[in-house]
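First listed ligand is number 1; within each ligand, the first listed atom is number 1.
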Amino acid sequence: MNKEEFTLKDLPGVGPATVEKLQEAGYDNILAIAVASISELTNAVGVGEGVARKMIQTARSKLDMGFETGIDLLEKRKNVFKITSGSEAFDTLIGGGFESGCITECFGAYGSSKTQIANSLAVRVQLPKDKGGADGMAVFIDTEGTFRPERIKQIAEAVGIDAEEALKNIRIARAFNSDHQMILVEKIEELITKENLPIKLIIVDSLTSHFRAEFAGRGSLAERQQKLNKHMHDLMKLSANYNVAIYVTNQVMARPDTFFGDPNEAIGGNIVGHNSTFRLYLRRGKKGSRVAKLVDSPNLPEAEAIFYITESGVRDEE
Ligand code: ADP
Ligand code: MG
């Protein structure tokens, strides 16, 4: 049996009901099983540890776990682009801009500039590559109803893009609940493959608000994480398959002082943190500035950048 033919239902101990549960939890292919942990699978689908171990072992043995040559990787990295935020300091913090093929998460209190960063990116992705853009369009999933076309116009004019063009190049959808939000993400693939739109940036602002509201009780925490897990998997797949940059926001409570500045308090906790390649904590700084702090990103040192929100969006100066 070659790896194309081998699917979830072929795993030992996995019947149709388990296949369905796996898929619902975001484990919809052999690779997802191969890289899962035993506890992830027992939690997600209620199989025993032994079965979970067997599933993972089989998935790994069936998969070419893929040793690519350095040349292959270099070739892939050539297609990676980075969208400028509008601030050099901010871009430098994350290795040159919001990178395609991965997820960047900003979390912070209300007013910390999560949405303003989204607006700046939605405009700047439209710039040519030599100006920090990707000659592309943006998809904006707005869960809080805070998207303002007027603000896009303002930034576009400052950046030198025709305001009407800028608005045409942003596809906006308001998500009314978490299920709706997840379906909208599933639909993005069609925009790329069927409508052939050059989508280069996907924004989910905010990733977590509906999940937070709908799964308020402690009892439903596991279910919330499971859905959030699938949602993040869907986003990751889009970013990897279509070389798209993904920006998600995550609102957290303002903290009384920095001694309580544990970034893992962000809703979604490990699930969101684990999947985002770049994770930034935003806060208000001195004299109207904003501070972005890079947290637990494996490839870059922890550091901070100071930036401002101006009429023209994210900038280095007021
Ligand atoms: P969050 O999404 O993190 O809750 P926002 O991105 O909405 O926060 O940030 C709101 C802040 O952005 C406002 O408090 C204001 O300081 C700043 N801001 C918004 N619009 C403008 C503008 N046109 N010019 C300058 N600053 C702005
Ligand atoms: Mg906001």
Side-chain angles (χ1 to χ4, degrees), residues 83-87 89-91 93-94 98 103-125 138-161 163 166-167 170 172-178 180-181 184 201-213 231 235 245-255 261 263 265-268 272-273 276 278-295 304-318:
I83 305 165
T84 181
S85 61
S87 150
F90 198 121
D91 291 350
L93 183 68
I94 50 175
F98 284 67
I103 300 176
T104 305
E105 176 196 350
C106 281
F107 66 99
Y110 173 79
S112 60
S113 74
K114 301 180 295 295
T115 299
Q116 293 306 323
I117 291 169
N119 292 337
S120 283
L121 291 172
V123 172
R124 288 180 180 273
V125 67
V139 171
F140 199 125
I141 297 179
D142 176 18
T143 75
E144 297 176 328
T146 51
F147 182 85
R148 296 286 175 275
E150 298 80 8
R151 181 64 175 131
I152 297 294
K153 277 178 76 174
Q154 194 180 36
I155 297 173
E157 275 156 14
V159 167
I161 298 177
L167 285 167
I170 305 174
I172 306 125
R174 174 85 197 269
F176 291 100
N177 58 47
S178 63
H180 187 203
Q181 182 177 332
L184 286 171
L201 170 69
I202 297 167
I203 293 161
V204 187
D205 180 31
S206 109
L207 179 79
T208 44
S209 59
H210 285 314
F211 290 89
R212 187 200 298 272
H231 192 41
L235 286 167
I246 303 208
Y247 171 56
V248 303
T249 69
N250 189 354
Q251 185 161 316
V252 295
M253 300 297 162
R255 289 183 198 87
E265 282 173 37
I267 190 202
V272 179
S276 355
F278 297 101
R279 198 155 196 243
L280 298 147
Y281 177 56
L282 302 177
R283 64 173 200 273
R284 285 172 182 272
K286 285 180 194 151
K287 295 182 184 158
S289 69
R290 297 291 193 284
V291 182
K293 180 180 161 66
L294 193 64
V295 280
E304 288 189 345
I306 294 171
F307 64 100
Y308 293 84
I309 304 296
T310 71
E311 262 194 17
S312 55
V314 175
R315 308 297 284 165
D316 280 315
E317 270 127 38
E318 253 176 299

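- Remark: minimum distance from atom 18 (N) of ligand 1 to any protein heavy atom is reached at I309 CG2, 3.7 Å.
- The side-chain heavy atoms of R284 and R290, taken from C-beta on, include a pair separated by under 4.5 Å.
- At the top of the distance list for atom 2 (O) of ligand 1, counting protein heavy atoms only, stands T115 OG1, 2.8 Å.
- Selection from E150, E311, R151, K114 by nearest heavy atom to atom 21 (C) of ligand 1 gives R151.
- Using 4.0 Å as the threshold, R284 has a heavy atom nearer than that to some atom of ligand 1.
- When hydrogens are left out, the protein atom nearest atom 6 (O) of ligand 1 is Q116 N, 2.8 Å; that is the closest non-hydrogen contact.
- Residue T115: an N/O/S atom is found under 2.8 Å from the Mg ion (ligand 2).
- Here the two rings, on Y247 and F278, have centers that are 6.0 Å apart or farther.
- By the 4.0 Å heavy-atom criterion, E144 is excluded from the residues contacting ligand 1.
- A heavy-atom distance below 4.5 Å is not found between the side chains of E157 and E311.
- Close N/O approach between G111 and ligand 1 is found [any backbone or side-chain N/O within under 3.5 Å].
- In this structure, R290 has a heavy atom closer than 4.0 Å to ligand 1.
- At a threshold of 4.5 Å between non-hydrogen side-chain atoms, the residues L201 and V139 do not count as touching.
- The protein non-hydrogen atom at the shortest distance from atom 5 (P) of ligand 1 is S113 CA, 3.7 Å.
- The shortest separation from a heavy atom of S112 to ligand 1 is under 4.0 Å, placing the residue in contact.
- Of all the heavy atoms of T310, the ones lying under 4.0 Å from any atom of ligand 1 belong exclusively to the backbone.
- The closest approach between A109 and ligand 1 falls below 4.0 Å for a heavy atom of the residue.
- In I306, the CD1 atom is not crowded: 12 or fewer heavy atoms of neighbouring residues, nucleotides or ligands sit closer than 6.0 Å.
- For the side-chain hydrogen bond (donor to acceptor under 3.5 Å, both in side chains) test, residues two or more places apart in sequence or in another chain that qualify with D316 are S87.
- Taking each heavy atom of Q251 and Y110 in turn, the nearest pair found is NE2-CB, 3.7 Å.
- Considering backbone and side-chain N/O of Q251, none are found under 3.5 Å from N/O of ligand 1.
- Put simply, the side chain of T143 never gets that close to the backbone of A175: no donor and acceptor are under 3.5 Å apart.
- Between the R124 side chain and the N119 main chain, no donor and acceptor come within less than 3.5 Å of each other.
- In this structure, Y281 and F107 have tilted ring planes: the angle between them lies in the 30° to 60° band.
- Near Y110, meaning under 4.0 Å from any of its heavy atoms, are these atoms of ligand 1: 4 (O).
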